[in-house]
Engineer: 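Okay, here's the structure, questions in a sec.
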Amino acid sequence: MGSSEKETIVSKNANNSSLKQFLSEYLIVFVLAAMVAILTGLNPNFLSLNNILNMLTQTAIYGILALGIFIVLISKGIDLSVGSTLAFAGILAGTISQTQNAIDKIFPGLGMAPLAVTILITLAIGGVVGIINGSLIAYTGIPPFIATLGTQIAVRGAALMVSKGKPVSNINPQMNWFGSRIFGVIPVPVLIYVLIIFIIWVIMNYTSFGKSIYAIGGNVEAAEISGIK
């Protein structure tokens, strides 16, 4: 085999490798573009501003959850309990925020909690579940999949117990702000989502914590030798 033939083969392999890398990075973008084109062809109103804002509002909560999972996945972990934690935190936030004259009030003897208290309790619930998951994984050696599967079932059951199978209605009117639009256009959930994206980006790229997460996900042994707990 001549040198020219070898160079041709090497060039083809390099091109194939570059194509595979390009597809692995941007294939989802082309798929999304194709879906948008098809849906726009079926319904021209799909790309209307109001419809786009509605879709962003509906998907913002999933995006916020995905940001948390993003950090976990980078460290080669997994958390199956995020959906159940969201349900439990949401149910509890709703029940303690019910007005005194609410229909089918879950806790009749409990008054309406202030908005700040509701937010703090909701965040605390997520933190407690996270601590339980982390402790099970770090100190018992239980694989993340099994540990978070167990908490998923437990937390979902806790949500059902708190709600007693009843719908939660007549909550604190101040909570409606989180589902509103600023100036009648910009959805508040989307603004919160963008803010959290920026915070996560800063943490992962400009803090030692973020660098440690990348190091652990890349090579646990090397990260431990370098001094990361």
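Quick note: residue numbers are just sequence positions, from 1.
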Engineer: Any side-chain heavy atom of Asn172 sitting closer than 4.5 Å to one from Thr118?
Structural biologist: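 When only atoms from C-beta onward are counted, Thr118 and Asn172 do not touch, as no gap falls below 4.5 Å.
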Engineer: With a 4.5 Å limit on heavy-atom distance, are the side chains of Trp177 and Leu115 in contact?
Structural biologist: no
Engineer: Could you tell me whether Met175 atom CE has more than 12 heavy atoms of other residues or ligands within 6.0 Å of it?
Structural biologist: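 More than 12 heavy atoms, drawn from other residues, nucleotides or ligands, come within 6.0 Å of this atom.
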Engineer: Just how far is it from atom OG1 of Thr85 to atom CD1 of Ile125, taken to the nearest 0.5 Å?
Structural biologist: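 Atom-to-atom, Thr85:OG1 and Ile125:CD1 are 9.5 Å apart.
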Engineer: Is the side chain of Thr99 donor-acceptor paired with the backbone N or O of Asn170 at a distance under 3.5 Å, no angle test?
Structural biologist: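 At least one qualifying donor-acceptor pair exists.
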Engineer: Tell me, do Ile137 and Ile142 make a side-chain contact under 4.5 Å, heavy atoms counted?
Structural biologist: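 Ile137 vs Ile142: side chains apart.
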Engineer: Strictly by modelled atom types, are Thr148 and Ser81 linked by a side-chain donor-acceptor pair under 3.5 Å?
Structural biologist: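 On atom types as modelled, these side chains do not qualify, holding no pair under 3.5 Å.
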Engineer: At their closest point, which heavy atom of Pro189 faces which heavy atom of Ser180, and how far apart are they?
Structural biologist: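 Heavy atoms only, the tightest pair is CD-O, 4.1 Å.
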Engineer: Find the distance between CZ (Arg181) and CG (Asn54) and round it off to the nearest 0.5 Å.
Structural biologist: 5.0 Å
Engineer: Tell me, do Leu195 and Ile192 make a side-chain contact under 4.5 Å, heavy atoms counted?
Structural biologist: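 No, every pair of side-chain atoms sits at 4.5 Å or beyond.
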Engineer: Starting at CD1 of Ile228, measure out to OG of Ser212 and round the result to the nearest 0.5 Å.
Structural biologist: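 Going from CD1 on Ile228 over to OG on Ser212, the span is 4.0 Å.
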Engineer: Minimum heavy-atom separation for Ser97 and Met112, please, with both atom names.
Structural biologist: O-CG, 3.3 Å
Engineer: Between Ile71 and Ile200, is any pair of side-chain heavy atoms under 4.5 Å apart?
Structural biologist: yes
Engineer: Nearest 0.5 Å, what's the OG1-CG distance between Thr40 and Asn45?
Structural biologist: 10.0 Å
Engineer: Sub-3.5 Å donor-acceptor pair from the side chain of Ser135 to the main-chain atoms of Ile132, do we have one?
Structural biologist: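 No, Ser135 side chain to Ile132 backbone: no donor-acceptor pair under 3.5 Å.
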Engineer: Using a 4.5 Å cut-off on heavy atoms from C-beta on, say whether the side chain of Phe198 contacts that of Val202.
Structural biologist: yes
Engineer: With a 4.5 Å limit on heavy-atom distance, are the side chains of Ile52 and Phe46 in contact?
Structural biologist: no
Engineer: Check the pair Ile119 / Phe178 against side-chain contact (heavy atoms from CB on, under 4.5 Å), numbers first and verdict last.
Structural biologist: CA-CA 11 Å; Ile119 293 174; Phe178 291 98; 3.8 Å; yes
Engineer: Nearest 0.5 Å, please: how far is CG in Asn219 from CD in Glu224?
Structural biologist: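 Reported value, rounded in 0.5 Å steps: 10.5 Å.
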Engineer: Could you measure the distance from the CD1 atom of Ile74 to the OH atom of Tyr214? Nearest 0.5 Å is fine.
Structural biologist: 4.0 Å
Engineer: List the steps, then state whether side-chain contact (heavy atoms from CB on, under 4.5 Å) holds for Phe70 with Met204.
Structural biologist: CA-CA 10 Å; Phe70 159 74; Met204 298 303 295; 4.0 Å; yes
